[in-house]
Amino acid sequence: MRVYIETFGCQMNVLDSELAEALLRSAGMEITDREDSADVVLLNTCSVREHAERKVHSRLERLCDEKAAGREVIIGVLGCMAQRTGEELIKLHKGINLLCAPGQLHRLVELITAAMNSSPQIALDPPRGQAKKSTTETGFIDLLRNPFRTHLPAQAYVRIMRGCDKFCTYCIVPYVRGPEQSRNPDEIIEETKRLIDAGITQITLLGQTVNSYRFEQSGKTVGLADLLKRLDNLTGLKRIRFITCYPGGFDRAILQAMRDLPKVCEYLHIPAQSGSDRILKAMGRHYSRADYDRLIDDARQIVGQIGIAGDFIVGFPGESDEDFQASVELIRRTRYKNSYIFKYSPRPGTVAARRFIDDVPPEVKRRRNIELLTVQQEVSLADNRALIGKVVEVLVEGKSPLAKKQNKGLSPEGSSTSDNLVQLTGRTRTDHIVVFDGPENLAGKYVDVEITDATALTLIGRQKTQGEDKKDDSYFKNH
Ligand code: 5AD
Ligand code: SF4
């Protein structure tokens, strides 16, 4: 049986799809990248904005039409939309055979098998109030993953927590992903060791608010900084990242860990959402603009060279021009490496959707979105240009999307490169994207690259060293 999985949304979904694939493969199913000839089509979905849901609805419409026209296919919806919309989704799209919420993925094989023989299968998580809050949660399927199949060469995501307890007023995540649960650090270490044995050298720890990570062990609380210390000791590992952070109550020990631990990369994704105190309050963010500014100052002071990324929502209910200007000003002050900017989208069931009118006209949202992006690009371009002439360590991801599209190597200027060089893309420790020409087999390796040019989105460079796996000698002695 051939299964096709399409992933929407965040890194957590990318990881969940990877885990689902491992489960299905171990049950003897084949994973295909051809949707048209698949026997089972699974959509792993996102509910964070209406736009994300609309994309899934139109995919479902097309699939269900094909099915009505005679195609034999099992259609499944996984992830946040399955949880948020529940049975309603099947009423809307009659061809759906299964719904599987984020916390029910371990049942996927059983659900597909049952769906082939009977009516639609529905596996949802219990509503939030009824969910068991326990740190010994057994639902983690992460240890069953195949460490040889990850989203990029030499890189893997590792979940350290599930859910969110912050309840920002605009956000659907606490309702669909359930209460915050941190994973046992021993399990995280175990999973990371297996990944290292399979050749992984960079891990990215995942959670909605990773700095809230907390696990009680032998009478002590293990926090994110402690976890980073334990991971930093693992031989064979080269880089550790973590996303995403929440600015409120941010423990400075995490910044010290970033400064002191050689494997922890100098990168923070720390969404402010807005620069205006009035809006932050209405968003239920529980920190002030001054708290946020102080955190950024501390990060730069403690860590030194650091890449900071942010998220902003424009057009939140009641956002005035003055509030919006505070966000513009925050981008200029923080000098983010990059920002993800979203137009407010009311999510049914959230406090903001209930309490506030979505009163910023679409045209104003659009204008503010463009203005914020423009300011961010100005900042990014100036800061990227300041890196010209520097040599940076890059973990190569593979062919750049442009080279892939044209199926040949292109130098940044657009001319063809010599024989077996292609345009490669990779990232620095600070998460800056670097493109340069090199042999394709550098994917998954570390190279030094001299920066020769820059745009707002990318650094362009020239390869200085041969690729290295960056495993120290003791790694080979121990294995
Ligand atoms: N409308 C617009 N953007 C949202 N985000 C979360 N909920 C909404 C919403 N209702 C954005 C936030 C968050 C990112 C993942 O998505 O900026 O950090
Ligand atoms: Fe949503 Fe806020 Fe939790 Fe982030 S911290 S997932 S924005 S509720």
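Just so you know, ligand 1 is whichever comes first in the structure, and atom 1 is the first atom listed for that ligand. Since we're looking at a predicted model, the values are computed, not measured.
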Verify the ring-centre separation between Tyr340 and His269: is it less than 6.0 angstrom? yes

Ligand 1: protein residues within heavy-atom distance under 4.0 Å: Val48, Arg49, Tyr170, Gln273, Asp311, Ile313, Phe342, Lys343, Tyr344, Ser345, Arg347

Any salt bridge (charged side-chain N to carboxylate O under 4.0 Å, His left out) involving residues 332-342? Give me the pairs, sequence neighbours left out, ordered by first then second residue. Asp293-Arg333, Asp297-Arg333, Arg332-Glu378, Arg335-Asp383, Lys337-Asp431

Can you tell whether the side chains of Lys91 and Glu87 come within less than 4.0 Å, N to carboxylate O? no

Check: Phe167 ring centroid to Tyr175 ring centroid under 6.0 Å: yes

Answer yes if the side chains of Asp125 and Gln104 hold a donor-acceptor pair under 3.5 Å, and no otherwise. yes

Around Arg355, counting heavy atoms of other residues, nucleotides and ligands shown, do more than 12 lie under 6.0 Å from its CZ? no

Under 4.0 Å from ligand 2, counting heavy atoms only: the protein residues, by chain and number: Cys164, Lys166, Phe167, Cys168, Tyr170, Cys171, Val173, Pro174, Gln208, Thr209, Tyr246, Arg285

Partner residues of Asn233 under the side chain to side chain donor-acceptor pair (under 3.5 Å) criterion, sequence neighbours left out: none

Tell me whether the centres of the aromatic rings in Phe312 and Tyr336 are closer together than 6.0 Å. yes

Please report the C-alpha distance between His93 and His57 in whole Å, then the side-chain angles of each, then the deciding distance to 0.1 Å, and finally whether the side chain to side chain contact (heavy atoms under 4.5 Å, CB included) criterion is met. CA-CA 8 Å; His93 306 282; His57 281 300; 2.9 Å; yes

